[in-house]
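Here is the structure we will look at, set down as structure tokens.
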Number of protein chains: 2
Amino acid sequence: MGISGYSCGMSEARTRGRPRTFDRDAALATAVRLFWERGFEATSVGELTTAMGIRPASLYAAFGDKKALFREAVEVYGRSPVGAFVAEALAEEETARGAFARILRDAARIYADPSHPAGCLAISAATNVTAQDAEVAAFLRDVRNAGVAAFEDRLNRAKKDGELPAEADAPALASYFTAVVQGLSQRARDGATAEELARVAELALAAWPGGR
Amino acid sequence: MGISGYSCGMSEARTRGRPRTFDRDAALATAVRLFWERGFEATSVGELTTAMGIRPASLYAAFGDKKALFREAVEVYGRSPVGAFVAEALAEEETARGAFARILRDAARIYADPSHPAGCLAISAATNVTAQDAEVAAFLRDVRNAGVAAFEDRLNRAKKDGELPAEADAPALASYFTAVVQGLSQRARDGATAEELARVAELALAAWPGGR
DNA sequence: TCCGTTGTTGAGTCATCGCTCAACAAATGA
DNA sequence: TCATTTGTTGAGCGATGACTCAACAACGGA
């Protein structure tokens with residue numbers, strides 16, 4: 001897959017000049033994994049180029065700079081199954097309750113899946129940054145807060161549909177489910193198993209208006 | 001100086017040689033604030049010495065190295081009201097339910113208090129670190145996981161006391177409340193207000209066995 | 001065939017990182 | 001008074017950070 005028409009399966013405009021000697025998408029996947037594991041600043045360009053098997057100048061020619069590469073990595077992650085499960089649940093589930101139940105259960109399973117780094121890249125990859133990378137942290141913060149807004153929209157729709165009572169506190173519920181999802185990510189990074197997180201998800205669902 | 005018996009209030013053994021020209025506790029408080037704000041690696045020794053008003057060699061003479069300073073900062077933070085509220089609630093509240101309700105409400109209020117950095121230092125100060133600082137991340141991870149164990153102990157006591165039914169899932173509840181507290185910290189760092197987090201805390205309490 | 005374009009290569013830029021050292025300054029004990 | 005001890009100072013160490021540049025290599029178009 002690609003961002004908006006890069007060298008992805010469906011290729012791109014014919015290029016002149018020397019063709020790239022490495023797979024741009026594979027390199028991007030490598031970047032996703034490293035940023036996911038260690039975070040933005042703790043992953044050096046040297047580690048990235050070594051893992052990609054290329055030289056620094058090739059990375060800069062292909063991606064711009066480290067921040068641009070990170071932004072692309074976040075977008076790729078967000079379109080991967082692991083990064084898109086929240087949006088998919090919100091879009092596909094008929095009821096809000098079903099959507100949030102699925103989100104929590106998926107988060108428990110996915111965040112602790114040992115086949116990839118624990119937790120969520122968007123939650124944990126830019127929490128500790130220097131002043132010069134504040135924009136990167138702000139970028140991910142905006143992504144997270146957009147998630148809160150999406151939760152709130154879904155909850156308000158549920159109120160309009162009558163699924164939730166009129167007195168339900170949509171902003172608080174949106175913030176609550178966000179906090180739980182972020183907490184699941186942290187717990188996964190701290191070593192919690194999928195089984196443990198699955199039980200946490202069930203407990204968290206008790207906050208749904210009307211109870212368990 | 002000493003690692004066990006700092007120059008806190010109750011002073012320390014009489015020193016020979018030239019006396020320190022700066023307040024060690026005040027310097028430590030500065031370190032707490034900077035590490036709390038930016039995290040371990042994103043806070044440079046240069047920033048620390050500038051904020052403390054001292055030269056690097058003075059910092060190293062007084063604290064050892066950057067990691068040792070961080071460990072001391074974490075201990076000081078943990079003894080401050082802001083860092084000790086969890087332990088205090090567990091120790092002082094008669095019922096487990098009262099303890100966890102107080103923990104969540106305190107977390108909501110304290111993590112979003114604008115008079116200091118948002119969230120919890122132990123939760124957010126060493127999430128993105130390079131391989132060479134892995135021990136620092138492990139140190140805070142152990143602190144957090146010790147918190148989970150403390151939660152579980154309190155919940156098991158509640159089961160023995162009959163406050164919780166025998167079939168209550170203490171490990172899952174401990175992990176759940178940990179996740180919520182960590183989520184509150186993250187939400188606070190992302191800009192959530194104390195009012196918003198207070199409503200989140202009330203929602204989270206609905207998971208208590210027996211419901212709301 | 002030769003040109004223009006693009007990518008790779010290896011060396012190297014400059015800034016900052018954590019940290020240290022020799023010289024000097026200020027205290028105590030003899 | 002003077003030796004000892006401890007802290008401060010200013011300069012600077014080696015390593016690593018992100019990033020760049022000139023030279024070379026591989027392609028398409030004319």
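To find a chain, count down the sequence lines: A is the first, B the second, and so on, and within it residues start at 1.
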Whole angstroms only, please: what is the [atom1]-[atom2] distance between [X] and [N]?
X: Leu59(B); N: dC17(C); atom1: CG; atom2: P; value: 14 Å
X: Phe22(B); N: dA26(C); atom1: CZ; atom2: C1'; value: 15 Å
X: Gln132(A); N: dA18(D); atom1: CD; atom2: P; value: 10 Å
X: Arg24(A); N: dT6(C); atom1: CZ; atom2: C1'; value: 14 Å
X: Leu48(B); N: dC17(C); atom1: CG; atom2: P; value: 11 Å
X: Arg20(B); N: dA25(C); atom1: CZ; atom2: P; value: 20 Å
X: Arg18(B); N: dG7(D); atom1: CZ; atom2: P; value: 10 Å
X: Phe63(B); N: dG7(D); atom1: CZ; atom2: C1'; value: 13 Å

Compare the minimum distances between each of [options] and the side chain of [X], then state the nucleotide with the smallest one.
X: Tyr60(A); options: dT6(D), dT20(D), dT20(C); value: dT20(D)
X: Lys66(A); options: dT9(C), dC19(D), dC17(C); value: dC19(D)
X: Asp65(B); options: dC19(C), dT9(D), dC19(D); value: dC19(C)

*Upstream residue (5' side of DNA chain C) when Pro19(B) and Glu41(B) are each assigned their closest nucleotide*: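 Result: Glu41(B).
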
*Describe the nucleic acid contact of Thr43(A) in one word from base, sugar-phosphate, nothing, applying a heavy-atom distance below 4.0 Å.*
sugar-phosphate

OP1 or OP2 of [N] under 4.0 Å from side-chain N/O of [X]:
X: Arg55(A); N: dT8(C); value: no
X: Arg16(B); N: dT4(D); value: no
X: Thr21(A); N: dG7(C); value: no
X: Ser58(B); N: dG7(D); value: no

*asked:* Is the distance from the ring center of Tyr111(A) to that of Phe85(A) below 6.0 Å?
replied: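 Tyr111(A) vs Phe85(A): aromatic centres under 6.0 Å.
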
*Stepwise ring pair (Phe, Tyr, Trp, His ring centres under 6.0 Å) test for Phe35(A) and Tyr77(A)*: CA-CA 10 Å; Phe35(A) 283 136; Tyr77(A) 171 84; over 10 Å; no

_Does the plane of the ring in His116(B) sit parallel, tilted or perpendicular to the ring in Trp36(B)? Use 30° and 60° as the thresholds._
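Parallel: the ring planes of His116(B) and Trp36(B) meet at under 30°.
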
*So Phe100(B) and Trp208(B), would you call those rings parallel, tilted or perpendicular, with 30° and 60° as cut-offs?*
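Because their plane-to-plane angle lies in the 30° to 60° range, the rings of Phe100(B) and Trp208(B) count as tilted.
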
*5'-most contact on DNA chain D: Gly53(B) or Gly64(A), nearest heavy atom basis?*
Gly53(B)

_Using a 6.0 Å distance limit plus a 45 degree cone around the ring axis, check whether Arg20(B) lies over the aromatic ring of Phe22(B)._
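Here Arg20(B) passes the 6.0 Å and 45° test against Phe22(B).
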
